[in-house]
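Here's the structure we're looking at; comments come further down.
Whatever order the structure lists them in is the order used to number ligands and atoms, beginning at 1. By convention here, the first residue in the shown sequence is residue 1.
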Amino acid sequence: MYEEAIKNATEKFAAVLKKQLERNDRIKADKEFLDFSKLDKIIIGVVGGDGIGPAITRQAHRILEFLLADEVKAGKVEFKVIDGLTIENRVSKMQPIPDDVLEELKKCHVILKGPTTTPRKGDPWPNIESANVAMRKALDLFANVRPVKVPEQGIDWTFFRENTEGSYAVGSDGVHVTDDLAIDFCVTTTEGTERIARAAFEYAKKNGKTRVTAVTKANVIKTTDGKFLDICKEVAKEYSDIEFDDWYIDIMTAKLVDEKRRTGFQVVVLPNLYGDIITDEAAEFQGGVGTAGSANFGKRYAMFEAIHGSAPRMVQEGRDKYADPSSIIRAAVMLLNHIGYSKEADKLSRALDICMYEEKKLTITGRDTGATNEEFSDYIMETLKTL
Ligand code: IPM
Ligand code: MG
């Protein structure tokens with residue numbers, strides 16, 4: 001009796017399969033990482049986004065220009081400001097990333113991006129796909145790297161969240177089979193998992209880390225999480241100096257609040273949705289999502305962003321100039337490291353620590369009781385001059 005509904009759903013499923021198989025083929029074909037040291041000029045795109053995005057991104061941009069002034073003069077680095085990744089523009093074109101914006105993004109090597117509004121059901125906006133998720137897919141930014149550090153508590157974690165597959169790959173194309181039955185899809189590919197697992201182990205190897213932990217729910221989500229875990233175990237065999245263990249997401253979430261156990265975690269590799277959830281929890285120990293930066297990289301492109309949202313209410317209340325820019329400045333540190341300017345990255349990271357935790361001449365409260373983000377960035381640059 002459900003023939004028609006099953007037939008329609010099967011057609012949609014066939015289209016999903018085709019898209020995912022083609023994507024896996026593209027990953028297979030894409031072997032080499034871009035070598036920044038071989039480029040004559042590195043182009044850094046700066047994308048403000050929505051809400052408080054433009055205000056905080058402008059400050060991170062100023063700081064990068066300050067640090068890379070000589071490189072810009074010598075023609076080795078160029079900044080390219082890209083407008084149009086606003087919710088108004090995305091909605092008017094009904095595209096998560098309008099075509100002309102995507103074309104501009106593809107002209108850059110790395111991108112610094114402010115937060116973008118993700119519409120959800122019930123919002124005044126149509127329910128288009130998140131610009132973040134679309135950008136990760138469009139530029140194949142498969143690794144989402146989110147470091148969390150609380151030195152005085154012995155916390156030093158780096159999360160490698162798979163960024164293009166799992167429950168997100170088909171997140172906007174699930175199927176309402178009937179009024180009563182909705183089905184979403186979860187995707188794991190061999191190539192997609194190998195590359196994130198390898199990225200995590202390579203990072204561990206280069207940074208003197210001794211343990212990589214995989215987190216899944218492979219005891220229940222047997223097919224996709226099972227495959228993810230199996231591949232992580234295989235890749236682990238190539239790195240005999242690094243210990244490997246695996247945890248299920250539920251107990252891992254609990255262990256992050258266990259002060260004795262949590263200091264044992266170093267590098268954590270995990271599928272998209274678990275990575276999304278647990279990196280918010282982890283960032284909370286460090287002072288909240290507003291303090292964490294996030295790198296999204298693929299073989300060709302990389303994008304660096306704040307991990308918090310666009311806080312439209314702050315803009316409505318005229319408080320965007322008080323929004324905390326520290327998360328996007330942390331993202332700028334990761335950008336500098338990615339393109340090979342590790343000395344500048346270390347200096348900026350040090351300046352942030354001094355301004356945020358040690359000297360604290362200014363504080364950001366999000367309102368006129370604290371400093372503006374421009375004053376805070378000036379403070380960072382003054383501090384940089386002393387380093
Ligand atoms: C993040 C965010 C995004 C995600 C949202 C904005 C779509 O929560 O970057 O963690 O779920 O990936
Ligand atoms: Mg998130």
Counting backbone and side-chain atoms alike, does Asp276 have an N/O/S atom under 2.8 Å from the Mg ion (ligand 2)? yes
How about Pro115 and Ile56: do any of their side-chain heavy atoms sit closer than 4.5 Å?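 They are in side-chain contact.
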For [X], the ligand 1 atoms whose distance to one of its heavy atoms is below 4.0 Å:
| X | answer |
| --- | --- |
| Thr118 | 6 (C) |
| Arg146 | 1 (C), 9 (O), 10 (O) |
| Arg136 | 1 (C), 4 (C), 9 (O), 12 (O) |

Tyr168 six-ring centre to Arg161 NZ/CZ under 6.0 Å and within 45° of normal: yes
Counting only heavy atoms, which portion of Arg161 has something under 4.0 Å from ligand 1: side chain, backbone, both, or neither? side chain
Proximity of Phe13 and Phe185 rings by center, below 6.0 Å: yes
Using a strict threshold of under 4.0 Å (side-chain N to carboxylate O), is an ion pair present between Lys237 and Glu234?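 Here Glu234 pairs with Lys237 in a salt bridge, since their nearest N and O are under 4.0 Å apart.
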Charged N-O contact under 4.0 Å between Arg26 and Glu191: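 Between Glu191 and Arg26 there is no salt bridge, as every charged N stays at least 4.0 Å from the carboxylate O atoms.
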Is the shortest N/O to N/O distance between Tyr168 and ligand 1 below 3.5 Å? yes
Any N or O on Ser130 sitting closer than 3.5 Å to an N or O of ligand 1?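 No; every N/O pair is 3.5 Å or more apart.
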For atom 2 (C) of ligand 1, what is the closest protein heavy atom, and at what distance to 0.1 Å? Asp276 OD1, 3.9 Å
